[in-house]
Structure formats: structure tokens, C-alpha cells
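Worksheet for the structure shown next.
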Amino acid sequence: MRAQIGKETVFTSPAPVSRGDILRYVRATTDPNPLFQDEEFARTTRYGGLIAPPNMVCDLTYNIAAEVAEDGFFFEGIAMPEAFGVPLRGEHEYEFFEPLRPGYVVTSRRRIADIFEKWGTTGRLVFVISEISYTNQRGELLGINRETLIYQLGREERK
Amino acid sequence: MMAASFESINIGDELPPLNKHIVHVEIMMYQAVTWDFTRVHYDREFVTRTMGLPNVFVDGQMLGAFLSQALTQWLGLAGRPRKLRYRFRDFVYPGDTITCKGKVTAKYVKDGEKLVDCEMWMENQKGELMVAPATATVVFY
């Protein structure tokens, strides 16, 4: 399992991020900030136009070809070492660079930084720490996301 | 929206708290726009049966979006978040009210940039910790 450390997956979104995506994200998170939704207002600021809220570049699943498993339910299409089931999120560490803007085609580079086991109250836990960088079509760095996912292998899943 | 300025900030200053009432449909909106259809965020029967939880729960990144919003609400046009780190403690459910809180822990100039560090956390309506510890760095223009 630890042999997966260092493994990299590169994925370029098949579609640019749209103003609609940003407006939907802003609506879902009930963000009143005009910088993220009012193009006329945003043009008067240093940004020169509407930008996405900072976390959005790290939050989007750019692979719209979402996988459906044999049981008919969604599973992450990202390259994971084994089929561990659906993880819980443990922690995120974001770093923000150039703001995400409508029209950007995002490439994400995911590298597995660490994998380790712990024993918790629910049994065997596997921690997978990945580092993902997000760039636009010009190669400009938009964000970095160091995410910890926790797979609960010790829990018996009743189907 | 509060418009902070680097000059006026003091260590120990509290960020204006941000309250969010959690609505099931808005959880679904978040899943839709991030294209993440993980079952535990919409299928109550599944999550109660397999995880023993009372209801579907909010995706952790949506909680992170609320923390970020607390920062951008405080900054206005005076600056921008540079870093945000946050760890999950407990589950947030539809019908809950969460509050994002923060406190300034450092203020400094580095490589010509005006930076402020904050400690942040999120509580639910019972005062239970939902997200902690969390830290942020913002840059002022």
C-alpha cells in the first residue's frame, strides 16, 4: 500500500469553469459577496472582473465523467490505490494563488504524499494524504490542496 | 461586510462571526455544483443504517467554504485569503446552525507582503466543535 506514495495523476477538465458554475457555488454556499457574482461591480475592483470564492478551485471535481459503481451509486473516479470504499474527510490545507475565473480550463495534478494506518474506535483506519495542484490553461498556479482522507476499513458495512 | 485594514488590526481581534443555517436542499446544491454525488450527503436511510448517524451530513468542503466566507466577509476588498487549513471534528446536519469564529494571532510583513494569521473554528448551535483546529493566513493590499 505504501508503494502508492509518490504516484501522480494528471487530469485536465474537459470544460472551462463557467460563470454559471461560480454563481451556483455562490448560491449553494449563500455567499452575499458581490465580487463573486456581480460582474459590473467586480469590474470596478482590482480583479477587473468576477472571480470565484477562494476555496472553489480546490472544491470542484473537474472530472464530469463521474463513475457509477455496480451497485448503482457514485464512487470517486480518481485513481486510488485500492477500493477502500467511501472515505471521510479528515483535513484540508489550501494555499491560494491566482483567483479562479470564468473561462479557465483547470488541470489538476494529484500526488499521493503519504499513506499510513491507525487504529480507531471503529477499527482499522487508513489515512491517505494527497497533494493536488490546480493550474489554468496558461499554466498559472491557482491553488494547492493538501487533503487527508480517512478510510474506515474496520467498520462492517451492512448492505 | 466589515472592511478591515492592516493598520487597524491588533492581535487578539475577533473576526465578525458568520452564522449559517443548514438546509438540506443547499447541501444538494453544493453536491451538484462540485459534481460530488457521495451518498452520505443525500441518502438518509443509507447513512442512518450504515453509519448510525441521525441524518445526512454536510460535505466537509462546504464547511471549509463557510470558513473562507468568514474571512472574505471580514476582509472586504482590503485583502484576500492566502492559506486555510482546517480539520473536521464532528458532523453537521440539516437544521443545524453553525457559527464560524476567528481570532487574529499574528500580524507581520514578509517579503514585502502585509500578512495576518488567524485561528478559526466552527461550532454548532449547542456550542459543540464541528471544525477545529483551523488556521488561516490573509494578505492585505
Side-chain angles (χ1 to χ4, degrees), chain A residues 20-36 44-47 51 53-56 58-68 71 73-77 86-97 99 122 144-150 152 155-159, chain B residues 1 18-23 25-43 46 49-52 57-69 71-73 75-77 80-89 91 131 133-139 141:
Chain A
D21 292 331
I22 296 172
L23 292 177
R24 280 184 284 267
Y25 182 96
V26 165
R27 171 60 188 91
T29 55
T30 55
D31 194 330
N33 197 326
L35 181 59
F36 308 139
T44 68
T45 72
R46 67 191 300 116
Y47 302 99
I51 62 171
N55 294 20
M56 187 174 164
C58 302
D59 289 356
L60 257 56
T61 302
Y62 293 98
N63 183 2
I64 61 175
E67 311 263 354
V68 178
D71 62 3
F73 291 98
F74 171 80
F75 78 95
E76 290 280 355
V86 177
L88 287 180
R89 293 190 185 277
E91 184 173 321
H92 284 280
E93 188 174 355
Y94 297 153
E95 202 169 347
F96 309 119
F97 299 89
T122 54
I144 294 175
N145 175 10
R146 187 179 165 94
E147 74 175 18
T148 302
L149 298 181
I150 305 170
Q152 298 174 286
R155 181 168 52 85
E156 214 181 300
E157 194 161 307
R158 299 177 290 281
K159 300 264 179 202
Chain B
M1 255 196 324
L18 178 70
N19 296 312
K20 290 288 177 185
H21 185 59
I22 305 300
V23 175
V25 166
E26 285 166 353
I27 296 173
M28 293 170 70
M29 288 179 184
Y30 185 87
Q31 300 313 115
V33 71
T34 56
W35 206 254
D36 173 1
F37 302 103
T38 305
R39 207 170 165 188
V40 295
H41 302 305
Y42 69 84
D43 188 336
F46 176 77
R49 174 169 51 83
T50 63
M51 293 183 71
F57 58 92
V58 178
D59 183 288
Q61 290 173 293
M62 190 177 186
L63 300 181
F66 294 147
L67 283 176
S68 219
Q69 212 177 115
L71 290 171
T72 53
Q73 159 188 274
L75 289 167
L77 293 175
R80 184 170 163 69
R82 176 64 61 75
K83 291 185 187 177
L84 174 65
R85 180 176 187 169
Y86 57 104
R87 181 179 295 180
F88 305 109
R89 290 287 289 266
F91 299 101
V131 178
T135 54
T137 299
V138 302
V139 58
Y141 296 129

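Residue numbers begin at 1 in each chain, while the letters A, B, ... track the order of the sequences.
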Below 30° counts as parallel, above 60° as perpendicular, anything between as tilted: where do the rings of A:Tyr25 and B:Tyr30 land?
tilted
With salt bridge (charged side-chain N to carboxylate O under 4.0 Å, His left out) as the criterion, how do B:Glu26 and A:Arg27 come out once you've worked through the C-alpha distance, each side chain's angles and the decisive distance to 0.1 Å?
CA-CA 8 Å; B:Glu26 285 166 353; A:Arg27 171 60 188 91; 2.9 Å; yes
Under 3.5 Å, is there a donor on one side chain and an acceptor on the other for B:Ser68 and A:Asn55?
yes
How about CZ on B:Arg39, more than 12 heavy atoms from neighbouring residues, nucleotides or ligands closer than 6.0 Å, or not?
yes
Can you confirm whether [X] sits close enough to [Y] that some side-chain heavy atom of one is under 4.5 Å from a side-chain heavy atom of the other?
{"X": "A:Leu88", "Y": "B:Phe91", "value": "yes"}
{"X": "B:Trp35", "Y": "A:Leu60", "value": "no"}
{"X": "A:Pro54", "Y": "B:Leu84", "value": "no"}

Does A:Glu91 pair with B:Arg85 as a salt bridge, N-O distance under 4.0 Å?
yes
Working to the nearest 0.5 angstrom, can you tell me the gap between [X] [atom1] and [Y] [atom2]?
{"X": "B:Lys20", "Y": "A:Thr29", "atom1": "NZ", "atom2": "OG1", "answer": "6.5 Å"}
{"X": "A:His92", "Y": "B:Phe88", "atom1": "NE2", "atom2": "CZ", "answer": "4.5 Å"}
{"X": "B:Arg80", "Y": "A:Phe96", "atom1": "CZ", "atom2": "CZ", "answer": "7.5 Å"}
{"X": "B:Asp59", "Y": "A:Asp59", "atom1": "CG", "atom2": "CG", "answer": "7.5 Å"}

Using atom types as modelled and distance alone, determine if a side-chain donor or acceptor of A:Asp21 lies under 3.5 Å from a backbone N or O of B:Val33.
no
Would you check if the side chain of A:Thr61 reaches a backbone N or O of B:Thr34 as a donor-acceptor pair within less than 3.5 Å?
yes
Looking only at B:Met28, B:Arg89, B:Gln31, B:Arg82, the option with the highest number of non-hydrogen pairs under 4.5 Å against chain A is B:Arg82
Can you say whether [X] sits under 4.5 Å from chain B via the side chain, the backbone, both, or neither, judging by heavy atoms?
{"X": "A:Ile144", "result": "neither"}
{"X": "A:Thr30", "result": "both"}
{"X": "A:Ile22", "result": "neither"}
{"X": "A:Phe97", "result": "backbone"}

Pick from A:Arg46, A:Arg146, A:Arg24 with the largest number of heavy-atom pairs that fall under 4.5 Å of chain B
A:Arg46
Write down the atom of B:Gln69, the atom of A:Pro32, and the distance for their closest heavy-atom approach.
OE1-CD, 3.7 Å
In terms of heavy-atom contacts, A:Ala28 and B:Met29 come closest through CB-CB, 3.6 Å
List the residues meeting side chain to side chain contact (heavy atoms under 4.5 Å, CB included) with B:Val40, not counting sequence neighbours, and say none if there are none.
B:Thr38, B:Phe46, B:Val47, B:Met51, B:Phe57
